[in-house]
Amino acid sequence: MFLASSTKPIDSNLSSLAEQIEQQNPGLSVLAARQFRFAIRQTPLEVANCEPREFNVLEEFILRAGVEFEPAPTLKELADLLGLDEIFVKTAAATLVSLETLEVAENGQIAIAPQGRDFFEKGAVSRSQIQSIYALSDPLNQTLTFKFDALVAESVNLPDLGDLVSLEHKFTDLADLSIAEIQPLIQASGLGIHVPENGKIVSKCDVIGDDLDIWQTVSIFVLLDAIENKTTIQVRQGKQILETASNLLNELEVQQKLSLNDLCKLTPDLAQQESETIPVPKNQKPASKKKRKETESGNK
């Protein structure tokens, strides 16, 4: 049998999840479980992105007239030719002028703008816009993601994991990143504003405000594997296991840069006591220290 949860340093709100882990994993015991807070960094950004915009039928006709008619017609002549009120043709022409594909003289005569012929042949024009987004740098999971909406800073009354572990951001300063480095990160975040295969390109990214720390909650479990006779640290958010964070804490513990006693109030005596009571599945024996030493010597 395992030791009762009440005798182990397990936060009360994690006891049911600890029991579930043990039930689903025979031979595995939760030695300790504790919740912490840690800060992710939120940075406000302004990005310039462009995307293709197809011409409508009237816009395409006006551009075609500018390319193929000699001499180029006036807006009134085009309206008469199409049997439309001149206001419709003027409105469409004004849009093309704003897209830098058409020029209109004072007498109303049209002319293709320098890059207008290219756009006409492609059937679309590149339209630019400015958008606000937010970068979220997570030092525990070593990620940099982007969102349209800002996260709200809220108070979290839990121990700060940063007091026990040195958490460093993968990217120290966003302003130091080139646009070529930022583009794939924005694309991976799924915002839909940088999709090169669809002609959508983020061409500029500027930091427009101060960083803001946003508290996140994580649960840390210390697990004892009876078959391997070893303990491991597992980090979760809800029921999701955070592999990168788990690997980081396990590595720090191996390097003796992190104490299980400091992390989860887990003493060596308690771990030893649990290892002696945990059931081992039939036909499998826990690896002894002597056996492990022999194996390590044989591999040298």
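The figures that follow rest on heavy atoms only: side chains count, while hydrogens, waters and symmetry mates do not.
- Taking the side chain as every heavy atom from C-beta outward, Asp138 and His169 never approach each other to under 4.5 Å.
- Going from atom OG1 of Thr43 over to atom CG of Leu212 covers 9.0 Å, rounded to the nearest 0.5 Å.
- Alongside Val254, the hydrophobic cluster contains no other residue (criterion: ILVMFWY side chains under 4.5 Å).
- For the side-chain contact (heavy atoms from CB on, under 4.5 Å) criterion with Leu223, the lone passing option out of Leu28, Thr231, Asn25 is Leu28.
- Arg53 has its side chain within reach of Glu59: a pair of non-hydrogen atoms, C-beta onward, lies under 4.5 Å apart.
- Using a 4.0 Å cut-off between a side-chain N of Lys or Arg and a carboxylate O of Asp or Glu, Glu54 and Lys122 do not qualify as a salt bridge.
- Other residues, nucleotides and ligands contribute only 12 or fewer heavy atoms inside 6.0 Å of the CD atom of Gln256.
- In this structure, Phe120 is a member of the same hydrophobic cluster as Phe61, with clusters built from ILVMFWY side-chain heavy atoms closer than 4.5 Å.
- Hydrophobic side-chain contacts under 4.5 Å tie Trp215 into a cluster, directly or through other members, with Val156, Leu158.
- For Glu19 and Gln23, the side-chain atoms include no donor-acceptor pair closer than 3.5 Å.
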CA sep, side-chain torsions, deciding dist, call: Gln131, Glu46, side chain to side chain donor-acceptor pair (under 3.5 Å): CA-CA 6 Å; Gln131 287 183 284; Glu46 191 174 78; over 6 Å; no
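- Checked for salt-bridge contact, Arg117 and Glu121 miss the test: no charged N lies under 4.0 Å from a carboxylate O.
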Full working for side-chain contact (heavy atoms from CB on, under 4.5 Å) between Val97 and Glu103: CA-CA 6 Å; Val97 169; Glu103 296 175 350; 6.0 Å; no
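- Not a single donor-acceptor pair under 3.5 Å links the side chain of Glu68 to the backbone N or O of Ala65.
- For the atom pair OG of Ser132 and CG of Asp149, the computed distance is 11.0 Å after rounding to the nearest 0.5 Å.
- Note that CG of Leu185 and CG of Leu144 are 5.5 Å apart. Values are rounded to the nearest 0.5 Å.
- Listed for the Asn56 side chain is a donor-acceptor partner under 3.5 Å among the backbone atoms of Leu58.
- Pairing each heavy atom of Asp213 with each of Ala153, the nearest pair is O-CB, 4.2 Å.
- Side-chain contact between Gln183 and Glu181: absent, with no pair of heavy atoms (C-beta onward) separated by less than 4.5 Å.
- Residue Phe88 places its CZ atom among 12 or fewer non-hydrogen atoms of other residues, nucleotides or ligands, all under 6.0 Å distant.
- Contact of the Ile133 side chain with the Ile186 side chain is registered, since non-hydrogen atoms from C-beta on lie closer than 4.5 Å.
- Here Asn13 contributes atom CG and Ser219 contributes atom OG; the two are 7.0 Å apart, rounded to the nearest 0.5 Å.
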Derivation and outcome, side-chain contact (heavy atoms from CB on, under 4.5 Å), residues Leu249 and Val235: CA-CA 8 Å; Leu249 297 192; Val235 184; 3.6 Å; yes
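- Checking side-chain atoms of Ser189 against main-chain N and O of Leu191 turns up no donor-acceptor pair under 3.5 Å.
- For the pair Pro44 and Asp210, the tightest heavy-atom approach, listed with the atom from each and the gap, is CD-O, 3.3 Å.
- Note that the CG atom of Leu102 and the CG atom of Leu75 stand 7.5 Å from one another [nearest 0.5 Å].
- Looking only at side-chain heavy atoms (C-beta outward), Phe119 and Phe55 come within less than 4.5 Å of each other.
- Across every non-hydrogen atom of Ala113 and Glu100, the tightest pair is CB-O, 3.5 Å.
- In this structure, Asp225 contributes its side chain and Ile227 its backbone to a donor-acceptor pair below 3.5 Å.
- The hydrophobic cluster containing Val218 also contains Leu151, counting ILVMFWY residues as joined when their side-chain heavy atoms lie under 4.5 angstrom apart, directly or transitively.
- Cluster annotation: Val47 and Val207 are assigned to the same hydrophobic cluster (Ile/Leu/Val/Met/Phe/Trp/Tyr, side-chain heavy-atom contacts under 4.5 Å, transitive).
- The two residues Lys8 and Leu31 have their closest heavy-atom pair at CB-O, 3.4 Å.
- Residues Pro196 and Gln187 are in side-chain contact: their nearest non-hydrogen atoms beyond the backbone lie under 4.5 Å apart.
- Under the 4.5 Å side-chain contact rule for hydrophobic residues, Leu99 and Val104 share a cluster.
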Test log, rule side-chain contact (heavy atoms from CB on, under 4.5 Å), inputs Leu136 and Lys147: CA-CA 8 Å; Leu136 299 173; Lys147 294 173 65 72; 3.2 Å; yes
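- Counting all heavy atoms, side chain and backbone alike, Gly238 lies closest to Leu17 at O-CD2, 3.8 Å.
- In this structure, the side chain of Asn198 does not engage the main chain of Lys200 through any donor-acceptor pair within 3.5 Å.
- For Glu106, the CD atom is loosely surrounded, since the number of other residues' heavy atoms within 6.0 Å does not exceed 12.
- Hydrophobic clustering (ILVMFWY, side-chain heavy atoms < 4.5 Å, transitive): Phe146 and Tyr134 are in distinct clusters.
- Considering every non-hydrogen atom in both Phe36 and Asp160, the closest pair reads CD2-C, 4.3 Å.
- Put simply, the side chain of Gln234 never gets that close to the backbone of Val222: no donor and acceptor are under 3.5 Å apart.
- In this structure, CD on Glu60 lies 10.5 Å from CG on Leu96, to the nearest 0.5 angstrom.
- In summary, the side chains of Gln142 and Glu168 do not present any donor paired with an acceptor at a separation below 3.5 Å, with no hydrogens or angles considered.
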Worked verdict on Ser203 versus Asn49 for side-chain contact (heavy atoms from CB on, under 4.5 Å): CA-CA 6 Å; Ser203 56; Asn49 68 296; over 6 Å; no
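- For the pair Asp85 (side chain) and Ile87 (backbone), a donor-acceptor distance under 3.5 Å is present.
- Side-chain contact between Arg34 and Lys265: present, with at least one pair of heavy atoms (C-beta onward) separated by less than 4.5 Å.
- Distance alone, capped at 3.5 Å, places no donor-acceptor pair between the Glu51 side chain and the Ile201 backbone.
- Between Asp211 and Leu174 there is no side-chain heavy-atom pair separated by less than 4.5 Å.
- For Glu86, there are no side chain to side chain donor-acceptor pair (under 3.5 Å) partners at least two apart in sequence or on another chain.
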